[in-house]
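Presented below is the structure to which this report refers.
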Amino acid sequence: MGFLADALSRVKPSATIMMTQKARDLKAEGRDVISLSVGEPDFDTPEHIKQAAVEAIARGETKYPPVSGIVPLREAIARKFKRENGLDYKPSQTIVGTGGKQVIYNALLATLNPGDEVVIPRPYWVSYPEMVGLCGGTPVFAETTMETNFKLQPEELERAITPKTKWVILNSPSNPSGAAYSHAEMKALTDVLVRHPHVWVLTDDMYEHLVYGDFTFVTPAQVEPALYERTLTMNGVSKSYAMTGWRIGYAAGPEQLIKAMDFVQGQQTSGAATISQWAAVAALDGPQDHLAQFRAAFQTRRDLVVSMLNQTNGLRCPTPEGAFYVYPSCAELIGKRTPAGKVIETDEDFVLGLLEAEGVAAVHGSAFGLGPNLRISYATSNQLLEEAGHRIQRFCGSLR
């Protein structure tokens with residue numbers, strides 16, 4: 001009998017973390033590396049949020065919090081959903097976790113039994129299928145294409161649903177593609193879900209505020225009120241408020257589900273860090289001026305990266321509506337050779353070759369379930385993005 005759990009054999013390591021660590025290791029060796037692999041804003045946390053944390057420490061807010069979150073934060077979450085999404089939730093219908101990842105994991109752990117299926121559009125965030133597997137469920141993948149800008153089509157959703165389906169996970173704007181669903185596009189999906197009352201909806205809205213141009217964000221329960229009683233709407237402060245290290249995610253949904261998630265979390269981590277929770281209150285209730293600045297900067301960066309990639313031999317890159325990622329195809333470069341004679345057989349070969357030859361770290365698309373593509377994060381300065389673009393163009397130009 002082996003010592004380690006069999007469940008570990010169903011789980012792959014995070015490719016995003018792996019590539020980011022490779023970049024760190026090369027930097028430690030003295031290499032000039034530009035890391036475009038990490039999903040983290042390069043902006044600092046707004047000052048009023050940091051000050052709220054300092055004041056919480058000064059007040060002695062340093063004890064164990066309630067498992068589901070401090071009351072002021074759960075009240076702020078309810079206000080946020082009402083103000084920004086038109087969704088009415090009582091504080092008792094909300095929960096706070098140590099990041100959005102824990103919120104999703106707890107929802108799956110509290111609801112999945114062996115044989116239960118979870119529909120996941122691909123490309124997907126690397127952790128979705130691994131969390132489903134760890135919780136004993138079976139991930140079922142619904143296909144998207146570059147021609148539809150990596151957005152799930154209603155007929156593909158319909159095809160993926162079976163009597164065993166318990167959840168559908170929807171992520172808009174998407175990590176890794178940046179694709180976001182308009183009201184009409186989301187309504188087409190919710191119309192399918194209304195016809196399948198045994199299916200619950202887990203919506204990952206972490207990039208809600210990072211949408212560009214005149215695009216308007218919507219979330220499923222807002223578009224289709226009939227789904228309210230079987231939707232868990234997850235969000236957090238990591239991306240929109242540049243608070244990745246504060247580790248606060250939150251969700252709202254039916255009270256029975258929230259209680260089950262509280263039960264799981266009570267035997268797992270208990271409540272999220274108290275000081276971080278008070279900072280999150282200031283984030284949700286305080287000034288939102290920084291959001292326009294973040295959006296303007298990210299949109300400029302997106303446009304720069306998309307333009308440079310589409311001027312690169314062998315790459316094709318659609319323009320995403322949100323988040324801070326692009327997901328170009330490198331299909332035309334598969335089968336070509338590097339100057340050293342190595343054949344590029346996969347998208348992973350491509351990103352490893354790019355890292356070795358030019359010191360640019362990206363993540364291979366096959367890690368997100370759909371290749372041959374690569375995910376590039378543009379959450380860094382224009383100067384670095386322009387330099388990275390030139391390096392990518394040089395690498396692609398060297399392939400024969």
* Do Y89 and F81 have ring centres separated by under 6.0 Å? -> yes
* To do: Check the surroundings of atom CZ in R316: do more than 12 heavy atoms from other residues, nucleotides or ligands lie under 6.0 Å from it?
  => no
* Asked: Checking E348 side chain against H364 main chain: does a donor-acceptor pair fall under 3.5 Å?
  -> no
* To do: Begin with the C-alpha distance, continue with both residues' side-chain angles, and end with the deciding distance and a verdict on side chain to side chain donor-acceptor pair (under 3.5 Å) for T274 and E61.
  => CA-CA 7 Å; T274 309; E61 304 279 6; over 6 Å; no
* CA sep, side-chain torsions, deciding dist, call: Q102, T269, side chain to side chain donor-acceptor pair (under 3.5 Å) -> CA-CA 10 Å; Q102 186 189 26; T269 60; 2.7 Å; yes
* Sub-4.5 Å side-chain heavy-atom contact between I169 and V118 -> yes
* Relative to each other, are the rings of Y212 and Y378 parallel, tilted or perpendicular (30° and 60° limits)? -> tilted
* More than 12 foreign heavy atoms under 6.0 Å from CZ of F263: is that the case here? -> no
* Is a donor on one side and an acceptor on the other found under 3.5 Å between the side chain of S240 and the backbone of V237? -> no
* Do K50 and D44 meet the salt-bridge criterion of a basic N to acidic O distance under 4.0 Å? -> yes
* To do: Considering only NZ, NE, NH1 and NH2 on the basic side and carboxylate oxygens on the acidic side, decide whether K166 and E117 come within less than 4.0 Å.
  => no
* Asked: Does R295 reach the main-chain N or O of H209 with its side chain, forming a donor-acceptor pair under 3.5 Å?
  -> yes
* State whether R375 and D347 are salt-bridged, where the test is any N-O pair (Lys NZ or Arg NE/NH1/NH2 against Asp/Glu carboxylate O) under 4.0 Å. => no
* For F43, all residues meeting ring pair (Phe, Tyr, Trp, His ring centres under 6.0 Å), sequence neighbours excluded -> F294, F298
* Residue of the set E156, E185, E143 for which salt bridge (Lys or Arg N to Asp or Glu O under 4.0 Å) holds with K151 -> E185
* Can you check whether R59 reaches E55 side chain to side chain, under 4.5 Å on heavy atoms? -> yes
* Please confirm whether the backbone N or O of I70 pairs with a side-chain atom of Q277, one donor and one acceptor, at under 3.5 Å? => yes
* Q21, CD: over 12 other non-hydrogen atoms inside 6.0 angstrom -> yes
* Would a distance-only check, ignoring hydrogens and angles, find a side-chain to backbone donor-acceptor pair under 3.5 Å from S307 to L304? -> no
* Any side-chain heavy-atom pair from P318 and F150 closer than 4.5 angstrom? -> yes
* **Basic-acidic side-chain contact under 4.0 Å: D191, K187** => yes
* Residue pair Q268 / N106, side-chain donor-acceptor N/O under 3.5 Å -> yes
* Using a strict cut-off of less than 4.0 Å between a Lys/Arg side-chain nitrogen and an Asp/Glu carboxylate oxygen, indicate whether E155 and R159 qualify as a salt bridge. => no
* Return yes if some donor-acceptor pair links the side-chain N/O of N373 with the main-chain N/O of Y327 below 3.5 Å, else return no. => yes
* For residues 163-186, which residue pairs qualify under ring pair (Phe, Tyr, Trp, His ring centres under 6.0 Å), counting only residues two or more places apart or in two chains? -> W167-W200
* Asked: Can you find a heavy atom in the side chain of L399 that is under 4.5 Å from one in the side chain of T338?
  -> yes
* Working for side chain to side chain donor-acceptor pair (under 3.5 Å), residues S37 and S35 -> CA-CA 6 Å; S37 59; S35 180; 3.1 Å; yes
* Heavy atoms from other residues, nucleotides or ligands near CD of E147 exceed 12 (cutoff 6.0 Å) -> yes
* **Any donor-acceptor N/O pair, N310 side chain to T312 backbone, under 3.5 Å** => no
* To do: Give the cluster check for L370 versus L152: same hydrophobic cluster or not, with ILVMFWY residues linked at side-chain heavy-atom distances below 4.5 Å.
  => no
* **Centroid separation Y105 to Y128 less than 6.0 Å** => no
* Once the angle between the rings of H290 and Y241 is folded into 0 to 90°, is it parallel (under 30°), tilted (30 to 60°) or perpendicular (over 60°)? -> tilted
* Asked: Sub-3.5 Å donor-acceptor pair from the side chain of T111 to the main-chain atoms of A107, do we have one?
  -> yes
* Asked: Between N85 and T219, does a side chain to side chain donor-acceptor pair (under 3.5 Å) hold up when you go through it step by step?
  -> CA-CA 7 Å; N85 309 112; T219 195; 5.9 Å; no
* Under 6.0 Å between the ring centres of Y207 and Y325? -> yes
* Asked: Should K82 and D88 count as an ion pair when the cut-off is N to O under 4.0 Å?
  -> yes
* Asked: How many angstroms lie between atom OG1 of T62 and atom CD1 of I57, to the nearest 0.5 angstrom?
  -> 8.5 Å
* In terms of side-chain geometry, is the basic nitrogen of K239 or E208 positioned less than 4.0 Å from the acidic oxygen of its partner? -> no
* Asked: Do L315 and C396 come close enough that some side-chain heavy atom pair is under 4.5 Å?
  -> yes
* To do: Assess whether atom CD of E356 is packed by more than 12 heavy atoms of other residues, nucleotides or ligands within 6.0 Å.
  => no
* Asked: Counting only N and O atoms by type, is there a donor-acceptor contact under 3.5 Å from the side chain of R391 to the main-chain atoms of E358?
  -> yes
* Just by distance, do the side chain of T165 and the backbone of T162 share a donor-acceptor pair under 3.5 Å? -> yes
